[in-house]
*Asks:* 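Pasting a structure here, questions to come.
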Amino acid sequence: MIICECGEVIDGGTFRDYIKTSANPSTPTIGHEKCGCIFNFIDEKMTRKYSSKRELKSIAMRFAEKNNFESGNIERFMIQVDKLKSSGNLSDNQILHKAFNHILG
């Protein structure tokens, strides 16, 4: 799962591109069709998005809907997202991953 700089959870809607990285002058990668952001997975220069609580909750809700969570799991997921956001300096991506794993476990 990737969260783009524009705040969207990327699930499809990508394009292929080639960028210069430390490994190769022409490294294949992907970009987000909606905003055009290109991702550099090789040099670990992934942007870390730190949204406000309100923005993160809307991203989390879209994530839950895309993954067809049951209503009880949506509640547990959203509570976990809220707790993780309040507890520290985790990026949006880290919060969603940890909350999702909490629901699975």
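Keep in mind that the numbers below use all heavy atoms, side chains included, and drop hydrogens, waters and symmetry copies. One-based numbering along the sequence shown.
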*Asks:* Quick one: CG on Leu84 to CG on Leu90, what's the gap to the nearest 0.5 Å?
*Replies:* 6.5 Å
*Asks:* CZ of Arg62 to CG of Leu96: how many Å apart, nearest 0.5 Å?
*Replies:* 10.0 Å
*Asks:* Say whether Ile95 and Leu104 are linked into one hydrophobic cluster, either directly or through other cluster members, by side-chain heavy-atom distances under 4.5 angstrom.
*Replies:* yes
*Asks:* Which pair of heavy atoms, one from Gln80 and one from Ala99, lies closest together, and at what distance?
*Replies:* CG-CA, 3.7 Å
*Asks:* For a quick test of reading the model, state the closest non-hydrogen atom pair linking Asn89 to Tyr50 and the distance between them.
*Replies:* O-CE2, 3.5 Å
*Asks:* Any salt bridge (Lys or Arg N to Asp or Glu O under 4.0 Å) pairs touching residues 95-105, not counting sequence neighbours?
*Replies:* none
*Asks:* Parallel, tilted or perpendicular, judged at 30° and 60°: which one describes the rings of Phe77 and Phe69?
*Replies:* perpendicular
*Asks:* After noting the C-alpha distance and the side-chain angles of Ile30 and Phe41, does the key distance pass the side chain to side chain contact (heavy atoms under 4.5 Å, CB included) rule?
*Replies:* CA-CA 9 Å; Ile30 61 169; Phe41 300 108; 3.8 Å; yes
*Asks:* What pairs of donor and acceptor atoms, side-chain ones from residues 15-22 against any protein atom, are under 3.5 angstrom apart with sequence neighbours left out?
*Replies:*
residue	atom	partner	partner atom	Å
Thr21	OG1	Ala23	N	3.3
Thr21	OG1	Asn24	N	3.4
Thr21	OG1	Asn24	O	3.3
Thr21	OG1	Thr27	OG1	2.7
Ser22	OG	Asp43	OD1	2.4

*Asks:* Between Val81 and Leu56, is there a side-chain heavy-atom distance shorter than 4.5 Å?
*Replies:* yes
*Asks:* Which salt bridge (Lys or Arg N to Asp or Glu O under 4.0 Å) pairs, counting each pair once, include a residue from residues 27-38, with sequence neighbours left out?
*Replies:* Glu8-Lys34
*Asks:* Any salt bridge (Lys or Arg N to Asp or Glu O under 4.0 Å) involving residues 64-80? Give me the pairs, sequence neighbours left out, ordered by first then second residue.
*Replies:* none
*Asks:* Using only atom types and a distance under 3.5 Å, with no angle test, would you say the side chain of Gln94 pairs donor to acceptor with the backbone of Ser91?
*Replies:* yes
*Asks:* Can you tell me how far apart CG (Asn73) and NE2 (His102) are? Round to the nearest 0.5 Å.
*Replies:* 11.0 Å
*Asks:* Starting from the C-alpha separation in whole Å, work towards a yes-or-no answer on side chain to side chain contact (heavy atoms under 4.5 Å, CB included) for Ile103 and Asn101.
*Replies:* CA-CA 5 Å; Ile103 298 302; Asn101 288 335; over 6 Å; no
*Asks:* Test: salt bridge (Lys or Arg N to Asp or Glu O under 4.0 Å). Region: residues 79-88. Which pairs qualify, not counting sequence neighbours?
*Replies:* Lys53-Asp82, Lys57-Asp82
